[in-house]
> 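Sharing a structure below in structure tokens format, with a few things to ask.
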Amino acid sequence: MAKLETKIHNITLKNPVMTASGTFGYGEEFADFIDLTRLGGIIVKGTTGERRQGNAYPRMAETPSGMLNAVGLQNVGVENFCKQVYPRIKVIDTNILVNVSGSSIEEYCSVAEQINELPNIPGIELNISCPNVKKGGMGFGTNPEMAAQVVSEVRKVYGKTLIVKLTPNVTSIVDIAKAVEQAGADSVSLINTMLGMAIDVERQRPYLSTITGGLSGPCVKPVAVRMVWQVAHAVQIPVVGLGGISCANDALEFLMAGAKAIEVGTANFVDPTVTVKIVEGLQDYCQRHKIDDINDIIGII
Amino acid sequence: MKHITDFTIVRREQLGQHYFALTLRHPGTLPSIAAGQFVEVEVMGTREVMLRRPISIHDVNPAENTLTLLIQVVGKGTRQLATLQEGDTLNLIYPLGHGFSVEGRNPLLVGGGAGIAPLLYLAKCYKAKGVETTILLGGRTKELIPVREAFEPYGKLLISTEDGSLGEKGMVTQHSLFSAAYDHICTCGPTPMMKAVGRYAVEKGVDCEVSLENMMACGIGACLCCVTDTDEGHKCVCKEGPVFDALKLKKWMGIE
């Protein structure tokens, strides 16, 4: 058996496979299908200061090899997360990370501060890249100065591993990655969804209530691999790769491009057991290629 | 407990131009299924379709370890599913969502179009409790009511068609026997029909359950794409529905 263990800053992952926020609920939704403890980590859904209802239905549209969503960060809010959800999921023997979202620097800091108090949450993924909220969200992630500002403020109140999730909807993702590294991020994850749009020509209107939404699924993967490769060569902090991963070979592309870990998103909707299949596929690959340690192939491109 | 299983198609039946039924056999013992629950079907063989398709469970036969799906061809996914043949394999995630309560001593089941699908197994479940149902099926034309005779052993069957090609002419809510004489109404079908039936039931004080058919991605409450507006905020149709108490959907039905 090859060693699949990797590290993101202070977090040791038993393997590089994590789940992408917003595609895996709180993990519990998948417990009937897989042994959650086989995953390297679970990143639970985006959590904001207050409970949010998200955008109006319809907020999903299937597109070729992918989908658009405009959920808009529907979640129970940080207080309910800490009091009701956390006690249920803290016992799962894997790394549980919380995706932290907000509309203002104060909100990001307040949520991060409250999550910092939870002993079984070793890190957060700071979501400065959601395309589906009117205020904040992607706004912070598209400008290097604003990205650095929110990260440095959150850094002051959050002591554990701070991963910053980046948007691909920028001219240079490398500039944003460097800015958040400078501001104190321990890691960056990329890519969040790509801003997209689809029109129902029969009804002559957009499919989504919000008109535009975030594109995910296999169609975004080549863009994501390219961005991970660019960022991994530009920063010193570990990179977490995601975007259209649906099998072990996809995951390997990201690892070879420089990601220390990966997240599986939309593929969970098609096959709720896909994450465990990817873990097994990585092990098979290492055996076939006589690789003793998965870290030996990380960043080889 | 939800499962993911490869089923074998043991029967494929074409029901007119727009509908077909697939009877699927579980490789072992079929777990228990509540009326109104649904499956997420994997669609193979086309690059145009990535996501699974949510389909109501039309019938269940525990002795045979089979379940039947009644499918209307409406888009790319269902068009691909229509090409499946007996002997083919179909991967399902199931059973999903909350079904009907099977309450009431004198229930009325109102279905329209593909929404009649879950009502057959529902009528069977009532019958198993010793309750006879009244089943009111509606469609624009008789071709759009693909299953009729199968309901007859389970209660009194009423038909409405908008063009008058079968049964009474008009909407289901205009049928002469659509009334508040029942103690429980269950409905599934086009949104305007369900809203009309639900509004009527709420106004008359009759218990009513509405089965929604929102577009879904995951089917298990993870992606939050399929939400409906309820009086308690957005709820996932896949997880907290598809069957909702009409009293929780007043805003959705346009009742102030």
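To find a chain, count down the sequence lines: A is the first, B the second, and so on, and within it residues start at 1.
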> Would you check, one step at a time, whether the test side chain to side chain contact (heavy atoms under 4.5 Å, CB included) holds for B/Arg52 with A/Phe269?
CA-CA 8 Å; B/Arg52 288 172 181 262; A/Phe269 304 155; over 6 Å; no
> Heavy-atom distance under 4.5 Å to chain B: side chain of A/Thr266, backbone, both or neither?
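Only the side chain of A/Thr266 comes within 4.5 Å of chain B.
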> Could you state the interatomic distance from CG (B/Leu51) to CE (A/Met60), rounded to the nearest 0.5 Å?
5.5 Å
> Can you say whether B/Lys239 sits under 4.5 Å from chain A via the side chain, the backbone, both, or neither, judging by heavy atoms?
side chain
> Working to the nearest 0.5 Å, report the span between SG of B/Cys223 and CE of A/Met67.
5.5 Å
> What part of A/Thr23 gets closer than 4.5 Å to chain B, counting heavy atoms only: side chain, backbone, both or neither?
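Backbone only.
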> Against chain B, label A/Phe24 side chain, backbone, both or neither, depending on which of its atoms sit under 4.5 Å from a heavy atom there.
backbone
> Pick whichever of A/Gly27, A/Ser246, A/Pro272 has the most heavy-atom pairs under 4.5 Å with chain B.
A/Pro272
> Could you tell me which portion of A/Ala31 (side chain, backbone, both or neither) has an atom closer than 4.5 angstrom to a non-hydrogen atom of chain B?
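No part of A/Ala31 comes within 4.5 Å of chain B.
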> Highest number of heavy-atom pairs under 4.5 Å with chain A: which of B/Ile4, B/Asn214, B/Asp229?
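Highest number of pairs under 4.5 Å: B/Asn214.
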> Calculate, to the nearest 0.5 Å, the distance between atoms OH and CG belonging to A/Tyr57 and B/Leu224 respectively.
14.0 Å
> Do you know which of B/His234, B/Glu42, B/Met215, B/Met1 has the most heavy-atom pairs with chain A at a distance under 4.5 angstrom?
B/His234
> On a heavy-atom basis, which atom in A/Glu62 and which in B/Met50 lie closest, and how many Å separate them?
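A/Glu62 and B/Met50 have their closest heavy atoms at OE2-N, 2.6 Å.
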> Can you say whether B/Val49 sits under 4.5 Å from chain A via the side chain, the backbone, both, or neither, judging by heavy atoms?
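Both the backbone and the side chain of B/Val49 come within 4.5 Å of chain A.
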